[in-house]
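Worksheet: one structure, shown below.
Residue numbers run from 1 in the order of the sequence given. Everything numeric in this text was worked out from a predicted model, so none of it was measured. Remember, it's 1-based here, ligands and their atoms both numbered in the order they're listed.
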Amino acid sequence: MTQEPYSPRCYALVPAAGVGERSGAGRPKQYVDIAGRPMLAHTLAALAAVPRLVQTLVVLSPGDDRFEAALPDYAGWIARVGGASRAESVLGGLAELRRRGAGDDDWVLVHDAARCLLRPAWVDALIDACLGDAVGGLLAQPIADTLKAGDADDRVTATIDRRDKWAAQTPQMFRLGLVERALLLMGAAATDEASAVEALGLAPRLVRASMANFKVTWPEDFELAERCLRA
Ligand code: C5P
């Protein structure tokens with residue numbers, strides 16, 4: 001009997017166990033309503049519209065008691081395995097994906113809960129660019145502004161050459177085995193998956209997306225996201 005060749009699957013993993021201190025919202029920002037729905041509902045709806053993702057897992061903090069009431073449609077998508085850092089939350093999610101049948105060679109697209117303006121077409125572009133790649137990659141945007149370094153008094157200390165600079169976004173797509181090894185080695189210092197993979201000496205692929213895929217972070221970002229979503 002001939003066996004079908006194994007073809008790696010694509011999973012999405014959404015770390016949503018942060019407190020969002022910078023947002024000033026007084027509660028985890030993923031539950032703040034934007035255009036009539038919690039921010040996280042917009043994020044998950046975009047991922048749900050990508051047929052090549054076989055499953056999306058949302059990582060919550062163990063003490064999260066809001067999700068089921070705020071997002072009843074997605075009650076089967078969660079695991080309360082978040083940790084003290086983003087990297088720990090992602091590692092908890094990767095272990096949960098393994099428990100659900102994912103293996104080393106499967107792809108995992110890690111996406112910030114707070115990038116709620118994600119469009120399915122960008123996710124498809126990332127999958128197209130990375131499926132045949134030895135390393136994987138991430139959505140990103142070349143920097144258009146002149147970049148400044150500043151000191152504690154908000155004084156410019158340097159102008160930085162922007163020519164080869166990109167703003168890293170998410171999703172970031174790597175094979176489960178690789179990204180797990182990378183995050184275990186780098187630990188909490190990894191603010192994204194790509195930096196941990198880079199620390200192994202590998203060069204993730206940059207896949208151009210849009211400024212609109214911004215991370216809702218500061219108080220004024222909620223209004224901007226609301227305007228974009230209503231448009
Ligand atoms: O804090 P920051 O905006 O960089 O967080 C990026 C993403 O990582 C958010 O979706 C946040 O909920 C998540 N996160 C997490 N666990 C933490 C810290 C952040 O899942 N301990």
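Evaluated by nearest non-hydrogen atom to atom 10 (O) of ligand 1, the leading choice among A16, G83, P15 is P15.
Annotation for E223: atom CD does not count as buried by contact number, only 12 or fewer foreign heavy atoms lying within 6.0 Å. Around the CZ atom of R9, the shell of radius 6.0 Å holds more than 12 heavy atoms that belong to other residues, nucleotides or ligands.
Within the 4.0 Å heavy-atom shell around ligand 1 one finds D112.
Taking a cut-off of under 4.0 Å to the non-hydrogen atoms of K29, the atoms of ligand 1 that pass are 3 (O). Near A84, meaning under 4.0 Å from one of its heavy atoms, ligand 1 places the atoms 21 (N).
Residue S89 has at least one nitrogen or oxygen atom sitting less than 3.5 Å from a nitrogen or oxygen atom of ligand 1, judged on distance alone. Ligand 1 has an N or O atom lying under 3.5 Å from an N or O atom of A113, backbone or side chain. Residue-to-ligand polar distances place K215 within reach of ligand 1: an N/O pair is separated by less than 3.5 Å.
For P28, no heavy-atom contact with ligand 1 is shorter than 4.0 Å.
The closest donor-acceptor contact from the side chain of D64 to the backbone of A17 lies at 3.5 Å or more, if one exists at all.
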Identify each donor-acceptor pair in which a side-chain atom of residues 185-192 lies under 3.5 Å from a protein atom, sequence neighbours left out, and give them as a table.
from: D192; atom 1: OD1; to: S195; atom 2: N; distance (Å): 2.9
from: D192; atom 1: OD1; to: S195; atom 2: OG; distance (Å): 2.8
from: D192; atom 1: OD2; to: Q172; atom 2: NE2; distance (Å): 3.0

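By the ring-ring contact (aromatic ring centres under 6.0 Å, His included) test, W77 is found to be paired with Y74, residues two or more places apart in sequence or in another chain being considered.
Under the 4.0 Å criterion applied to side-chain N and carboxylate O atoms, E193 and R86 are assigned as salt-bridge partners.
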